[in-house]
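Naming: A, B, ... by sequence-line order, numbering from 1 per chain.
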Protein chains: 2
Amino acid sequence: MINSKTETRGLILNTAAVLFRNKGYHATGLNEIIRESGAPKGCLYYHFPQGKEQLAQEAIKVVGLEIQAKMEKVFQVYEDPVEAIQEFIRQSTESIFTRAEDRRFSVSLLALETMNMNENLRQTCSEVFSDWEEVVYNKLCSGGFSTETARSCSEMVIAMIEGAMTLSLTKRQPEALLSFADWAGRLLRQQ
Amino acid sequence: MINSKTETRGLILNTAAVLFRNKGYHATGLNEIIRESGAPKGCLYYHFPQGKEQLAQEAIKVVGLEIQAKMEKVFQVYEDPVEAIQEFIRQSTESIFTRAEDRRFSVSLLALETMNMNENLRQTCSEVFSDWEEVVYNKLCSGGFSTETARSCSEMVIAMIEGAMTLSLTKRQPEALLSFADWAGRLLRQQ
DNA sequence: GTCTATATACGGATAGAC
DNA sequence: GTCTATCCGTATATAGAC
(Lines give C-alpha, C1' and ligand atoms only; values in the text may rest on other atoms or scores of the structure.)
Protein backbone atom coordinates (compact mmCIF):
# COMPACT_ATOMS: atom_id res chain seq x y z
CA MET A 1 0.00 0.00 0.00
CA ILE A 2 1.28 3.42 -0.89
CA ASN A 3 0.59 6.49 1.21
CA SER A 4 -1.82 4.81 3.58
CA LYS A 5 -1.95 6.07 7.10
CA THR A 6 -4.57 3.49 7.83
CA GLU A 7 -5.64 0.31 6.10
CA THR A 8 -9.01 1.65 5.05
CA ARG A 9 -7.64 4.89 3.74
CA GLY A 10 -5.09 3.06 1.64
CA LEU A 11 -7.73 0.70 0.33
CA ILE A 12 -9.92 3.55 -0.87
CA LEU A 13 -6.99 5.43 -2.36
CA ASN A 14 -5.66 2.50 -4.33
CA THR A 15 -9.09 1.62 -5.66
CA ALA A 16 -9.60 5.22 -6.65
CA ALA A 17 -6.27 5.23 -8.46
CA VAL A 18 -7.25 2.23 -10.58
CA LEU A 19 -10.66 3.65 -11.46
CA PHE A 20 -9.46 7.18 -12.18
CA ARG A 21 -6.67 5.94 -14.37
CA ASN A 22 -8.93 3.66 -16.39
CA LYS A 23 -12.14 5.65 -16.65
CA GLY A 24 -11.07 9.20 -15.91
CA TYR A 25 -12.25 11.76 -13.38
CA HIS A 26 -15.83 12.44 -14.43
CA ALA A 27 -16.79 8.86 -15.26
CA THR A 28 -15.71 7.63 -11.84
CA GLY A 29 -18.15 8.13 -8.98
CA LEU A 30 -17.41 8.18 -5.29
CA ASN A 31 -20.05 5.52 -4.73
CA GLU A 32 -18.29 3.30 -7.24
CA ILE A 33 -14.97 3.74 -5.48
CA ILE A 34 -16.47 2.77 -2.13
CA ARG A 35 -18.29 -0.19 -3.61
CA GLU A 36 -15.25 -1.52 -5.50
CA SER A 37 -12.89 -1.04 -2.62
CA GLY A 38 -15.07 -2.91 -0.16
CA ALA A 39 -14.26 -0.19 2.36
CA PRO A 40 -16.79 0.76 5.05
CA LYS A 41 -19.41 2.90 3.38
CA GLY A 42 -19.56 5.75 5.80
CA CYS A 43 -15.93 6.64 6.03
CA LEU A 44 -14.97 8.32 2.79
CA TYR A 45 -15.32 11.90 3.97
CA TYR A 46 -13.66 11.03 7.22
CA HIS A 47 -10.47 10.02 5.41
CA PHE A 48 -10.80 12.55 2.59
CA PRO A 49 -12.50 15.63 4.04
CA GLN A 50 -12.20 17.61 0.79
CA GLY A 51 -14.05 14.91 -1.10
CA LYS A 52 -13.50 14.00 -4.70
CA GLU A 53 -10.89 16.64 -5.44
CA GLN A 54 -8.62 15.52 -2.63
CA LEU A 55 -9.10 11.87 -3.50
CA ALA A 56 -8.31 12.54 -7.15
CA GLN A 57 -5.25 14.59 -6.33
CA GLU A 58 -3.77 11.84 -4.18
CA ALA A 59 -4.82 9.17 -6.67
CA ILE A 60 -3.07 10.97 -9.53
CA LYS A 61 0.13 10.93 -7.49
CA VAL A 62 -0.31 7.20 -6.86
CA VAL A 63 -0.81 6.52 -10.56
CA GLY A 64 2.22 8.63 -11.39
CA LEU A 65 4.38 6.76 -8.90
CA GLU A 66 3.17 3.35 -10.08
CA ILE A 67 4.14 4.10 -13.66
CA GLN A 68 7.38 5.69 -12.53
CA ALA A 69 8.24 2.57 -10.53
CA LYS A 70 7.58 0.39 -13.55
CA MET A 71 9.86 2.60 -15.63
CA GLU A 72 12.64 2.60 -13.06
CA LYS A 73 12.42 -1.15 -12.74
CA VAL A 74 12.99 -1.62 -16.47
CA PHE A 75 15.72 1.01 -16.47
CA GLN A 76 17.65 -0.93 -13.83
CA VAL A 77 17.78 -4.01 -16.04
CA TYR A 78 19.07 -2.33 -19.20
CA GLU A 79 22.22 -0.29 -18.88
CA ASP A 80 21.99 1.40 -22.26
CA PRO A 81 19.41 4.22 -21.92
CA VAL A 82 18.09 3.87 -25.45
CA GLU A 83 17.58 0.15 -25.06
CA ALA A 84 15.98 0.77 -21.67
CA ILE A 85 13.46 3.24 -23.07
CA GLN A 86 12.60 0.95 -25.96
CA GLU A 87 12.08 -1.94 -23.59
CA PHE A 88 9.82 0.14 -21.34
CA ILE A 89 7.64 1.00 -24.31
CA ARG A 90 7.46 -2.62 -25.44
CA GLN A 91 6.62 -3.93 -21.99
CA SER A 92 3.96 -1.26 -21.49
CA THR A 93 2.45 -2.18 -24.85
CA GLU A 94 2.39 -5.83 -23.85
CA SER A 95 0.67 -5.00 -20.56
CA ILE A 96 -1.99 -2.91 -22.24
CA PHE A 97 -2.87 -5.37 -24.95
CA THR A 98 -2.66 -8.64 -23.08
CA ARG A 99 -2.70 -8.60 -19.31
CA ALA A 100 -5.41 -6.03 -18.68
CA GLU A 101 -7.06 -4.57 -21.70
CA ASP A 102 -8.47 -1.48 -20.12
CA ARG A 103 -5.35 -0.43 -18.25
CA ARG A 104 -3.37 2.52 -19.46
CA PHE A 105 0.16 3.57 -18.69
CA SER A 106 -0.78 7.18 -18.90
CA VAL A 107 -2.26 10.12 -17.07
CA SER A 108 -3.20 11.95 -20.27
CA LEU A 109 -6.89 11.41 -19.71
CA LEU A 110 -6.82 12.85 -16.20
CA ALA A 111 -4.65 15.75 -17.35
CA LEU A 112 -6.86 16.65 -20.30
CA GLU A 113 -10.05 16.35 -18.24
CA THR A 114 -8.94 18.53 -15.37
CA MET A 115 -6.58 21.13 -16.89
CA ASN A 116 -9.25 23.74 -17.50
CA MET A 117 -11.40 22.84 -14.54
CA ASN A 118 -9.28 22.54 -11.43
CA GLU A 119 -5.91 24.18 -10.94
CA ASN A 120 -4.79 21.77 -8.21
CA LEU A 121 -5.39 18.72 -10.35
CA ARG A 122 -3.79 20.32 -13.40
CA GLN A 123 -0.72 21.13 -11.33
CA THR A 124 -0.56 17.59 -9.97
CA CYS A 125 -0.66 16.08 -13.45
CA SER A 126 1.98 18.53 -14.58
CA GLU A 127 4.25 17.39 -11.77
CA VAL A 128 3.73 13.76 -12.68
CA PHE A 129 4.86 14.44 -16.23
CA SER A 130 7.90 16.32 -14.94
CA ASP A 131 8.81 13.49 -12.59
CA TRP A 132 8.71 11.00 -15.43
CA GLU A 133 10.86 13.27 -17.56
CA GLU A 134 13.36 13.44 -14.72
CA VAL A 135 13.70 9.66 -14.66
CA VAL A 136 14.37 9.57 -18.40
CA TYR A 137 16.71 12.55 -18.10
CA ASN A 138 18.83 10.87 -15.43
CA LYS A 139 19.00 7.66 -17.40
CA LEU A 140 20.13 9.49 -20.53
CA CYS A 141 22.75 11.48 -18.61
CA SER A 142 24.13 8.36 -16.97
CA GLY A 143 24.40 6.84 -20.44
CA GLY A 144 26.64 9.63 -21.72
CA PHE A 145 24.15 12.09 -23.17
CA SER A 146 24.94 15.76 -22.63
CA THR A 147 22.67 17.49 -20.12
CA GLU A 148 21.26 19.72 -22.82
CA THR A 149 20.47 16.88 -25.19
CA ALA A 150 19.07 14.77 -22.36
CA ARG A 151 16.74 17.59 -21.30
CA SER A 152 15.25 18.00 -24.72
CA CYS A 153 15.07 14.26 -25.39
CA SER A 154 13.40 13.39 -22.12
CA GLU A 155 10.45 15.69 -22.75
CA MET A 156 10.06 14.34 -26.27
CA VAL A 157 10.14 10.74 -25.06
CA ILE A 158 7.35 11.31 -22.54
CA ALA A 159 5.28 13.29 -25.04
CA MET A 160 5.66 10.61 -27.66
CA ILE A 161 4.77 7.79 -25.28
CA GLU A 162 1.58 9.57 -24.27
CA GLY A 163 0.66 10.32 -27.88
CA ALA A 164 1.48 6.89 -29.24
CA MET A 165 -0.40 5.27 -26.38
CA THR A 166 -3.47 7.36 -27.11
CA LEU A 167 -3.40 6.33 -30.77
CA SER A 168 -2.74 2.67 -30.06
CA LEU A 169 -5.48 2.44 -27.47
CA THR A 170 -7.97 4.27 -29.67
CA LYS A 171 -7.26 2.09 -32.70
CA ARG A 172 -6.88 -1.01 -30.54
CA GLN A 173 -3.69 -1.77 -32.40
CA PRO A 174 -0.23 -1.94 -30.85
CA GLU A 175 1.45 -0.72 -34.06
CA ALA A 176 1.76 2.95 -33.14
CA LEU A 177 3.51 2.13 -29.88
CA LEU A 178 5.77 -0.55 -31.31
CA SER A 179 6.77 1.52 -34.31
CA PHE A 180 7.49 4.39 -31.94
CA ALA A 181 9.83 2.11 -30.00
CA ASP A 182 11.79 1.57 -33.21
CA TRP A 183 11.76 5.27 -34.01
CA ALA A 184 12.91 6.20 -30.53
CA GLY A 185 15.90 3.93 -30.96
CA ARG A 186 17.00 5.57 -34.18
CA LEU A 187 16.24 9.10 -33.03
CA LEU A 188 18.06 8.96 -29.74
CA ARG A 189 21.15 7.32 -31.19
CA GLN A 190 21.39 10.09 -33.78
CA GLN A 191 21.64 12.79 -31.12
CA MET B 1 -22.07 25.48 -40.95
CA ILE B 2 -20.98 21.94 -41.49
CA ASN B 3 -23.42 19.08 -41.85
CA SER B 4 -26.49 21.08 -41.04
CA LYS B 5 -29.71 20.03 -42.65
CA THR B 6 -31.43 22.84 -40.84
CA GLU B 7 -30.22 26.00 -39.17
CA THR B 8 -31.13 24.85 -35.68
CA ARG B 9 -29.58 21.45 -36.09
CA GLY B 10 -26.34 22.97 -37.29
CA LEU B 11 -26.36 25.44 -34.44
CA ILE B 12 -26.67 22.69 -31.85
CA LEU B 13 -24.07 20.54 -33.54
CA ASN B 14 -21.47 23.26 -33.80
CA THR B 15 -21.97 24.33 -30.20
CA ALA B 16 -21.68 20.70 -29.12
CA ALA B 17 -18.44 20.36 -31.09
CA VAL B 18 -16.87 23.31 -29.28
CA LEU B 19 -17.95 22.10 -25.83
CA PHE B 20 -17.00 18.46 -26.38
CA ARG B 21 -13.60 19.38 -27.73
CA ASN B 22 -12.83 21.73 -24.86
CA LYS B 23 -14.40 19.97 -21.89
CA GLY B 24 -14.78 16.39 -23.03
CA TYR B 25 -17.75 14.06 -23.20
CA HIS B 26 -18.69 13.60 -19.56
CA ALA B 27 -18.19 17.18 -18.45
CA THR B 28 -20.50 18.49 -21.16
CA GLY B 29 -24.21 18.31 -20.48
CA LEU B 30 -27.04 18.40 -22.98
CA ASN B 31 -28.63 21.25 -21.06
CA GLU B 32 -25.41 23.20 -21.39
CA ILE B 33 -25.27 22.63 -25.13
CA ILE B 34 -28.83 23.87 -25.57
CA ARG B 35 -28.23 26.89 -23.35
CA GLU B 36 -24.97 27.89 -25.05
CA SER B 37 -26.28 27.39 -28.54
CA GLY B 38 -29.34 29.55 -27.97
CA ALA B 39 -31.33 26.92 -29.85
CA PRO B 40 -34.97 26.27 -29.01
CA LYS B 41 -35.01 24.24 -25.84
CA GLY B 42 -37.41 21.53 -26.86
CA CYS B 43 -35.83 20.42 -30.09
CA LEU B 44 -32.72 18.50 -29.17
CA TYR B 45 -34.21 15.04 -29.32
CA TYR B 46 -36.08 15.95 -32.45
CA HIS B 47 -32.85 16.63 -34.31
CA PHE B 48 -30.80 13.98 -32.51
CA PRO B 49 -33.16 11.12 -31.66
CA GLN B 50 -30.39 8.95 -30.18
CA GLY B 51 -29.48 11.66 -27.72
CA LYS B 52 -26.03 12.35 -26.43
CA GLU B 53 -24.30 9.49 -28.21
CA GLN B 54 -25.47 10.59 -31.63
CA LEU B 55 -24.66 14.20 -30.91
CA ALA B 56 -21.18 13.30 -29.73
CA GLN B 57 -20.52 11.07 -32.70
CA GLU B 58 -21.39 13.81 -35.16
CA ALA B 59 -19.57 16.41 -33.11
CA ILE B 60 -16.36 14.35 -33.11
CA LYS B 61 -16.51 14.25 -36.89
CA VAL B 62 -16.98 18.02 -36.98
CA VAL B 63 -13.99 18.56 -34.71
CA GLY B 64 -11.92 16.19 -36.82
CA LEU B 65 -12.84 18.00 -40.01
CA GLU B 66 -12.15 21.43 -38.52
CA ILE B 67 -8.66 20.44 -37.52
CA GLN B 68 -8.13 18.66 -40.82
CA ALA B 69 -9.18 21.77 -42.71
CA LYS B 70 -6.74 23.86 -40.71
CA MET B 71 -3.97 21.39 -41.52
CA GLU B 72 -4.80 21.30 -45.23
CA LYS B 73 -4.88 25.07 -45.36
CA VAL B 74 -1.35 25.31 -43.98
CA PHE B 75 -0.18 22.48 -46.23
CA GLN B 76 -1.32 24.37 -49.30
CA VAL B 77 0.88 27.33 -48.44
CA TYR B 78 4.12 25.43 -47.87
CA GLU B 79 5.26 23.18 -50.66
CA ASP B 80 7.93 21.34 -48.66
CA PRO B 81 6.13 18.75 -46.49
CA VAL B 82 8.52 19.04 -43.57
CA GLU B 83 8.23 22.80 -43.50
CA ALA B 84 4.45 22.48 -43.82
CA ILE B 85 4.19 20.14 -40.83
CA GLN B 86 6.41 22.36 -38.72
CA GLU B 87 4.34 25.38 -39.61
CA PHE B 88 1.10 23.59 -38.71
CA ILE B 89 2.50 22.77 -35.29
CA ARG B 90 3.66 26.34 -34.72
CA GLN B 91 0.38 27.87 -35.80
CA SER B 92 -1.59 25.45 -33.64
CA THR B 93 0.60 26.33 -30.69
CA GLU B 94 0.00 30.00 -31.30
CA SER B 95 -3.74 29.47 -31.46
CA ILE B 96 -3.83 27.51 -28.23
CA PHE B 97 -1.75 29.92 -26.20
CA THR B 98 -2.99 33.24 -27.47
CA ARG B 99 -6.27 33.37 -29.32
CA ALA B 100 -8.37 31.01 -27.22
CA GLU B 101 -6.70 29.57 -24.19
CA ASP B 102 -9.02 26.68 -23.63
CA ARG B 103 -9.15 25.46 -27.22
CA ARG B 104 -7.35 22.30 -28.16
CA PHE B 105 -6.33 21.05 -31.57
CA SER B 106 -6.89 17.51 -30.50
CA VAL B 107 -9.44 14.76 -30.02
CA SER B 108 -7.29 12.88 -27.50
CA LEU B 109 -9.58 13.72 -24.63
CA LEU B 110 -12.67 12.44 -26.41
CA ALA B 111 -10.83 9.34 -27.58
CA LEU B 112 -9.48 8.48 -24.13
CA GLU B 113 -12.81 9.11 -22.45
CA THR B 114 -14.91 6.99 -24.77
CA MET B 115 -12.63 4.16 -25.92
CA ASN B 116 -13.65 1.73 -23.18
CA MET B 117 -17.20 2.92 -22.88
CA ASN B 118 -18.78 3.22 -26.30
CA GLU B 119 -17.65 1.34 -29.38
CA ASN B 120 -19.23 3.77 -31.83
CA LEU B 121 -17.46 6.77 -30.37
CA ARG B 122 -14.14 4.92 -30.14
CA GLN B 123 -14.44 3.96 -33.79
CA THR B 124 -15.26 7.53 -34.77
CA CYS B 125 -12.19 8.89 -32.98
CA SER B 126 -10.08 6.19 -34.58
CA GLU B 127 -11.29 7.26 -38.02
CA VAL B 128 -10.47 10.89 -37.25
CA PHE B 129 -6.90 9.97 -36.40
CA SER B 130 -6.62 7.91 -39.59
CA ASP B 131 -7.97 10.76 -41.69
CA TRP B 132 -5.38 13.13 -40.27
CA GLU B 133 -2.64 10.61 -40.95
CA GLU B 134 -3.84 10.37 -44.52
CA VAL B 135 -3.44 14.11 -45.02
CA VAL B 136 0.13 13.98 -43.70
CA TYR B 137 0.80 10.84 -45.73
CA ASN B 138 -0.28 12.46 -48.98
CA LYS B 139 1.75 15.55 -48.29
CA LEU B 140 4.87 13.50 -47.58
CA CYS B 141 4.38 11.42 -50.72
CA SER B 142 3.91 14.49 -52.87
CA GLY B 143 7.14 15.81 -51.42
CA GLY B 144 9.15 12.82 -52.57
CA PHE B 145 8.95 10.48 -49.59
CA SER B 146 8.60 6.78 -50.39
CA THR B 147 5.17 5.38 -49.63
CA GLU B 148 6.60 3.13 -46.93
CA THR B 149 8.47 5.91 -45.17
CA ALA B 150 5.50 8.25 -45.51
CA ARG B 151 3.17 5.67 -43.94
CA SER B 152 5.33 5.23 -40.87
CA CYS B 153 6.13 8.92 -40.53
CA SER B 154 2.53 10.08 -40.81
CA GLU B 155 1.41 7.98 -37.85
CA MET B 156 4.35 9.21 -35.78
CA VAL B 157 3.64 12.83 -36.63
CA ILE B 158 0.02 12.59 -35.48
CA ALA B 159 0.97 10.67 -32.33
CA MET B 160 3.65 13.21 -31.46
CA ILE B 161 1.35 16.18 -32.02
CA GLU B 162 -1.26 14.69 -29.70
CA GLY B 163 1.31 13.87 -27.04
CA ALA B 164 3.17 17.15 -27.22
CA MET B 165 -0.10 19.04 -27.12
CA THR B 166 -1.19 17.18 -24.02
CA LEU B 167 2.07 18.02 -22.27
CA SER B 168 2.08 21.65 -23.37
CA LEU B 169 -1.52 22.21 -22.32
CA THR B 170 -1.01 20.49 -18.98
CA LYS B 171 2.11 22.48 -18.17
CA ARG B 172 0.68 25.61 -19.72
CA GLN B 173 3.95 26.04 -21.55
CA PRO B 174 4.39 26.01 -25.33
CA GLU B 175 7.88 24.53 -25.09
CA ALA B 176 6.98 20.87 -25.66
CA LEU B 177 5.11 21.72 -28.85
CA LEU B 178 7.69 24.14 -30.18
CA SER B 179 10.61 21.87 -29.44
CA PHE B 180 8.70 19.08 -31.13
CA ALA B 181 8.39 21.24 -34.23
CA ASP B 182 12.19 21.48 -34.31
CA TRP B 183 12.57 17.75 -33.72
CA ALA B 184 10.09 16.90 -36.42
CA GLY B 185 12.14 18.89 -38.88
CA ARG B 186 15.34 17.05 -38.12
CA LEU B 187 13.69 13.64 -37.91
CA LEU B 188 11.78 13.79 -41.15
CA ARG B 189 14.72 15.10 -43.14
CA GLN B 190 16.84 12.22 -41.93
CA GLN B 191 14.46 9.62 -43.35
C1' DG C 1 -14.15 5.36 12.80
C1' DT C 2 -18.18 3.97 10.85
C1' DC C 3 -23.12 4.15 9.70
C1' DT C 4 -27.64 5.83 7.92
C1' DA C 5 -30.38 9.11 6.17
C1' DT C 6 -30.85 12.86 3.59
C1' DA C 7 -30.06 17.39 1.21
C1' DT C 8 -29.51 19.21 -3.12
C1' DA C 9 -28.34 19.43 -7.67
C1' DC C 10 -27.92 17.86 -12.22
C1' DG C 11 -27.58 14.25 -15.54
C1' DG C 12 -30.14 12.12 -19.75
C1' DA C 13 -34.41 11.01 -21.48
C1' DT C 14 -39.60 10.88 -22.55
C1' DA C 15 -44.61 12.23 -23.16
C1' DG C 16 -47.78 14.94 -24.94
C1' DA C 17 -49.60 19.69 -25.90
C1' DC C 18 -49.17 23.17 -29.29
C1' DG D 1 -40.54 21.96 -35.11
C1' DT D 2 -40.83 23.58 -30.71
C1' DC D 3 -42.18 23.77 -25.77
C1' DT D 4 -43.21 22.42 -21.03
C1' DA D 5 -43.37 19.37 -17.55
C1' DT D 6 -41.68 15.55 -15.57
C1' DC D 7 -39.56 10.93 -14.66
C1' DC D 8 -35.82 8.69 -12.82
C1' DG D 9 -31.28 7.81 -11.88
C1' DT D 10 -27.10 9.29 -10.00
C1' DA D 11 -23.89 12.63 -8.42
C1' DT D 12 -21.39 15.00 -4.40
C1' DA D 13 -21.85 16.33 0.03
C1' DT D 14 -23.47 16.82 4.92
C1' DA D 15 -25.71 15.95 9.55
C1' DG D 16 -26.01 13.42 13.30
C1' DA D 17 -26.53 8.79 15.62
C1' DC D 18 -23.70 5.07 17.21
Q: Will you find, in the side chains of B:Ser106 and B:Glu162, an N or O donor that is under 3.5 Å from an N or O acceptor?
A: yes

Q: Can you list every pair that meets salt bridge (Lys or Arg N to Asp or Glu O under 4.0 Å) and has a residue in residues 121-132 of chain A, with sequence neighbours left out?
A: A:Glu119-A:Arg122

Q: Using the side-chain hydrogen bond (donor to acceptor under 3.5 Å, both in side chains) rule, take A:Trp183 and B:Ser152 through it: C-alpha gap first, then chi angles, then the decisive distance, then the call.
A: CA-CA 9 Å; A:Trp183 267 68; B:Ser152 160; 3.0 Å; yes

Q: Under the salt bridge (Lys or Arg N to Asp or Glu O under 4.0 Å) rule, collect the residues that match up with A:Glu134, sequence neighbours excluded.
A: A:Arg151

Q: For DNA chain C, note the earliest and the latest nucleotide, 5' to 3', having some atom under 4.0 Å of a heavy atom belonging to chain A.
A: C:dG1 to C:dT4

Q: Rounded off to whole Å, could you give me the CD-to-P distance for the A:Gln54 and D:dA13 pair?
A: 11 Å

Q: In residues 38-47 of chain B, what residues come within less than 4.0 Å of DNA chain C, judged by heavy atoms?
A: B:Tyr45

Q: Tell me yes or no: between the side chains of A:Thr15 and A:Glu36, is some donor less than 3.5 Å from an acceptor?
A: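 Side-chain D/A pair, A:Thr15 to A:Glu36: absent.
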
Q: Thinking salt bridges, do B:Arg21 and B:Glu66 make one under a 4.0 Å N-O criterion?
A: yes

Q: Should A:Glu58 and A:Arg9 be marked as a salt bridge (charged side-chain N to carboxylate O under 4.0 Å, His left out) after you check the CA-CA gap, both sets of side-chain angles, and the distance that decides it?
A: CA-CA 11 Å; A:Glu58 297 195 34; A:Arg9 199 189 133 90; 2.4 Å; yes

Q: Determine whether more than 12 heavy atoms belonging to other residues, nucleotides or ligands lie under 6.0 Å from atom CD of B:Glu175.
A: yes

Q: Can you say whether the rings of A:Phe20 and A:Tyr25 are parallel (under 30°), tilted (30 to 60°) or perpendicular (over 60°)?
A: parallel

Q: Please tabulate the protein-to-nucleotide N/O contacts below 3.5 Å involving nucleotides 7-11 of chain D, giving atom names and distances.
A:
{"from": "D:dA11", "atom 1": "OP2", "to": "A:Asn31", "atom 2": "ND2", "distance (Å)": "3.1"}

Q: Which residues pass the salt bridge (Lys or Arg N to Asp or Glu O under 4.0 Å) test with B:Glu155, sequence neighbours left out?
A: A:Lys171

